[in-house]
Amino acid sequence: MEKLRIMSVFGTRPEAIKMAPLVKELAGRAEIEAICCVTAQHRQMLDSVMNVFSLKADWDLDIMTPKQTLSTITSKCLIGMDGAVDALKPDMILVHGDTSTTFAGALSAFYHKVKVGHVEAGLRTYDKYSPYPEEMNRKLVTAIADLYFCPTENNRRNLAQEGVTEGVFVTGNTVIDALKTTVRKDFVFTTDILKQLSYEEKKIVLVTCHRRENYGQTMEDIMSALAEIARSHSDVELVYPVHLSPVVQECAKRYLGGIANVHLTAPLDAGEMHNLMARCYLVLTDSGGLQEEAPALGKPVLVLRRETERPEAVEAGTVKLAGVVKEDILSMTHQLLTDDKAYAAMAHAVNPYGDGKACERIADAILWHYGRGGKPEDFTAQ
Ligand code: UD1
Ligand code: UDP
């Protein structure tokens, strides 16, 4: 029997981290030829992940430009994908999550009448403009996809409410599979500042902030809050690996540059980042991925957004929505830095997002779809 040609398409840092263990799982299956096509919507941040997970792309669209717009990303991906699909002839294309690469990858597959599997399906805020453009991207991909790999039961319910019940699997999130390969007790940092920090004596606050809907005054308010947190808590060391978006770089440096206990670093590679998260005190972030990773590592998270499509860890009590108003961010952070009971109530490891076997379930589900194996059991959170 011929091997199934399963092509994973991704282009940004979070997609790459979450697809890396899946590409490897697929490559390990005798019935599958795993193909890897990158759009390089992110160039440096993608290459860093490829390096950490020892992945090699079979096809690279190399589309990134500085300050790229949503239209240029989507159109360059679509045109580039024509060549990739014609040359590599996949039976199925896998896309991940909700980026412009995700949407363009799924649309291209549809134009070529190739089946689509959506990894990390069913997340919703039901606010068209927040997160922007991600909420619309994932809805559009839902309309195109044939198979849906939902991280949680809650995600499956979201799809069911929209009438999508065929080809839906609850697998857990592949990010937990990735974390299991990167986090180690004896990990040794290579980044200078991470080698120098005193993890026992200081409270290390890990920050990331990059969302497009926060660009402008909202991001200024967040940065201003971060500056005040650092200035008013001498026991804190704030570590902020700044996203390479020029908008974010400029804003972060203007508010946070020159503050002694703020460490603005280049983006960290996934190994450094995950192990820093494992050793930090608290996470402040607007990132999707960090909202999933930190709870698994027992770290409280304050989300710098108005809503979240990841309510599971909020329900489990390890994540709180801080919002984007400066005073709210200040008071919620201050409480976690000064009130041991409030901190302890949030700092317990929970795994609502997965058990590290998501990739195995997804590979099984694909083989089942083609009549080449049994149906995987759904992931259920403990
Ligand atoms: C994208 C995704 C977002 C995801 C985020 C993860 C879209 C529309 N947005 O947003 O969902 O949460 O990635 O980080 O798909 N840049 C570099 N080098 C890099 C990466 C980015 O220089 O390695 C700079 C470039 O100037 C680029 C800009 O950052 O134009 C913005 O990148 P882009 O992919 O358009 O948006 P993100 O905010 O990264
Ligand atoms: N990450 C990383 N280095 C960094 C910042 C983030 O490796 O300097 C990882 C993080 O641990 C998570 C993923 O990148 O796995 C999240 O990416 P990002 O926040 O850019 O995107 P989002 O998840 O919000 O889409």
Side-chain angles (χ1 to χ4, degrees), residues 10-21 38-53 62-74 76-77 95-105 120 123 130-138 141 173-179 181-183 191 194 206-215 219 239-250 263-278 280 283 285-294 296-297 299 301 303-305 308-310 353:
F10 51 91
T12 66
R13 170 174 65 194
E15 294 168 83
I17 291 174
K18 291 168 164 182
M19 288 299 271
V38 298
T39 65
Q41 176 179 334
H42 287 170
R43 183 71 274 172
Q44 300 89 334
M45 284 156 57
L46 172 76
D47 292 346
S48 161
V49 179
M50 301 297 278
N51 216 5
V52 166
F53 290 95
D62 198 22
I63 65 148
M64 196 195 84
T65 49
K67 285 199 173 178
Q68 59 203 359
T69 66
L70 300 179
S71 306
T72 56
I73 306 171
T74 304
K76 285 173 103 175
C77 282
V95 293
H96 181 281
D98 52 21
T99 71
S100 294
T101 287
T102 317
F103 168 55
E120 200 176 89
L123 280 68
S130 192
Y132 166 82
E134 291 83 2
E135 176 72 2
M136 188 52 66
N137 283 342
R138 48 200 177 213
V141 175
N173 197 309
T174 59
V175 77
I176 306 299
D177 301 32
L179 266 189
T181 68
T182 50
V183 176
T191 308
L194 303 187
L206 173 58
V207 174
T208 75
C209 180
H210 70 82
R211 304 225 75 83
R212 271 175 197 262
E213 72 273 10
N214 285 345
Y215 281 9
M219 193 167 280
V239 183
Y240 178 1
V242 187
H243 190 290
L244 292 178
S245 159
V247 180
V248 181
Q249 288 269 334
E250 188 279 324
H263 309 283
L264 299 179
T265 74
L268 298 171
D269 81 32
E272 300 273 291
M273 182 67 175
H274 290 170
N275 285 282
L276 174 60
M277 212 181 306
C280 77
V283 176
T285 190
D286 67 359
S287 158
L290 268 78
Q291 289 179 59
E292 295 153 348
E293 293 163 344
L297 298 169
K299 304 301 173 176
V301 180
V303 178
L304 308 173
R305 287 173 51 181
T308 180
E309 58 288 271
R310 295 169 167 89
Y353 299 112

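Ligands are counted one by one from 1 in listed order, and the atoms in each one are counted from 1 as well. Basis for what follows: all heavy atoms, side chains included, without hydrogens, waters or symmetry-related copies.
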Which residue supplies the protein heavy atom nearest to atom 9 (C) of ligand 2, what is that atom called, and how far is it? Ile17 CD1, 3.6 Å

Just need the protein heavy atom nearest to atom 25 (O) of ligand 2, so name the residue and atom and give the distance. Pro14 CG, 3.4 Å

Counting heavy atoms not belonging to Tyr132, are there more than 12 under 6.0 Å from its OH? no

Taking all non-hydrogen atoms of both residues, which atom of Ile73 and which atom of Ile63 are closest, and how far apart? CG2-CD1, 3.7 Å

Take Met273 and Leu206 through the side chain to side chain contact (heavy atoms under 4.5 Å, CB included) test and state the conclusion after the steps. CA-CA 9 Å; Met273 182 67 175; Leu206 173 58; 3.9 Å; yes

For the residue pair Leu290 and Ser287, what are the closest heavy atoms and their distance? N-OG, 3.1 Å

For atom 33 (P) of ligand 1, what's the nearest protein heavy-atom neighbour? Residue, atom name and distance, please. Gln68 NE2, 3.3 Å

List the closest protein heavy-atom neighbour of atom 12 (O) of ligand 1: residue, atom name, distance to the nearest 0.1 Å. His210 CE1, 3.0 Å

Quick one about Gln41 and Thr12 (side-chain donor to acceptor, distance below 3.5 Å, no hydrogens or angles considered), yes or no? no

Nearest protein heavy-atom contact for atom 8 (C) of ligand 1: which residue, which atom, what distance? Ser100 OG, 3.2 Å

Taking both backbone and side-chain atoms of Glu134, is any N or O found less than 3.5 Å from an N or O belonging to ligand 1? yes

Is any side-chain N of the basic residue among Lys18 and Glu292 closer than 4.0 Å to the acidic one's carboxylate O? yes

Met277 heavy atom under 4.0 Å from ligand 2: yes

Sub-4.5 Å side-chain heavy-atom contact between Arg212 and Pro133: yes

Which one of Gly289, Pro241, Gly271 has a non-hydrogen atom at the shortest distance from atom 23 (O) of ligand 2? Gly289

Proximity of Pro267 to ligand 1 by residue part, where a heavy atom lies under 4.0 Å: neither

Nearest heavy-atom approach of Val207 to Pro241 is O-CD, 3.2 Å

Do Gln291 and Thr285 meet the criterion of a side-chain donor-acceptor pair at a distance under 3.5 Å? no

Within 4.0 Å of some non-hydrogen atom of Pro66, the atoms of ligand 1 are 26 (O), 30 (O)

Just going by heavy-atom distances, which of Met45, His42, Arg13, Met64 is nearest to atom 17 (C) of ligand 1? Met64

Counting heavy atoms under 4.0 Å, the part of His274 that contacts ligand 2 is side chain

Assess, by modelled atom type and distance only, whether the side chains of Thr99 and Glu134 contain a donor and an acceptor separated by less than 3.5 Å. no

For ligand 2, is Glu134 a contact, meaning one of its heavy atoms is under 4.0 Å away? no

Look only at interatomic distance and state if Gln44 has a nitrogen or oxygen under 3.5 Å from any nitrogen or oxygen of ligand 1. yes

Whether Thr65 lies under 4.0 Å from ligand 1, heavy atom: yes

Quick check: does His210 get an N/O under 3.5 Å from an N/O on ligand 2? yes

Identify, by atom number and element, the atoms of ligand 1 in contact range of Ile73, meaning under 4.0 Å from any of its heavy atoms. 35 (O)

Under a 3.5 Å distance rule, please check whether His42 uses its side chain to pair with a backbone N or O of Arg13 as donor and acceptor. yes

Taking heavy atoms and a distance under 4.0 Å, where does Pro131 meet ligand 1: side chain, backbone, both or neither? neither

For Arg43, atoms of ligand 1 separated by under 4.0 Å from a heavy atom: 19 (C), 23 (O)

Under 3.5 Å between any N/O of Gln41 and any N/O of ligand 1: does that happen in this structure? yes

Counting each atom of ligand 1 from 1 as listed, which ones have a heavy atom of Leu70 under 4.0 Å away? 8 (C)

Structural part of Ser287 in contact with ligand 1, heavy atom criterion under 4.0 angstrom: neither

Considering all heavy atoms of both residues, which atom of Phe53 and which atom of Thr182 are nearest to each other, and what is their separation? CZ-CG2, 3.9 Å

Residue pairs, two or more places apart or on separate chains, that pass salt bridge (Lys or Arg N to Asp or Glu O under 4.0 Å) and touch residues 62-71: Arg43-Asp62

Region of Leu290 engaging ligand 2 - heavy atom pairs below 4.0 Å: side chain

Can you list the atoms of ligand 1 that are under 4.0 Å from a heavy atom of Pro133? 8 (C)

closest protein heavy atom to atom 38 (O) of ligand 1 is Tyr215 OH, 3.8 Å

Run the numbers for me: atoms of ligand 1, each under 4.0 Å from some heavy atom of Thr99, listed by number. 11 (O), 15 (O)

Got the closest protein heavy atom to atom 36 (O) of ligand 1, with its distance? Arg212 NH2, 3.4 Å

Please state which option from Ala266, Ser287, Pro131 has its nearest heavy atom closest to atom 19 (O) of ligand 2. Ser287

The atoms of ligand 2 lying under 4.0 Å from a heavy atom of Gly288, numbered in the order shown, are 22 (P), 23 (O), 24 (O)

Heavy-atom distances under 4.0 Å decide this one: backbone, side chain, both or neither, for Arg211 against ligand 2? side chain

Among protein heavy atoms, which sits nearest to atom 4 (C) of ligand 2, and what does the distance come to when rounded to 0.1 Å? Arg13 NH1, 3.1 Å

Closest to atom 3 (N) of ligand 2 among protein heavy atoms sits Leu268 O, 2.7 Å

Ring geometry between His210 and His243 (parallel below 30°, tilted from 30 to 60°, perpendicular above 60°): parallel

Where is the nearest protein heavy atom to atom 15 (O) of ligand 2: which residue, which atom, and how far? Glu293 OE2, 2.4 Å

Worked check of salt bridge (charged side-chain N to carboxylate O under 4.0 Å, His left out) between Arg138 and Glu135: CA-CA 6 Å; Arg138 48 200 177 213; Glu135 176 72 2; 2.8 Å; yes

Looking at Lys67, which atoms of ligand 1 are within less than 4.0 Å of one of its heavy atoms? 25 (C), 26 (O), 27 (C), 30 (O)

Closest protein heavy atom to atom 31 (C) of ligand 1, given as residue, atom name and distance to 0.1 Å: Ser245 CB, 4.2 Å

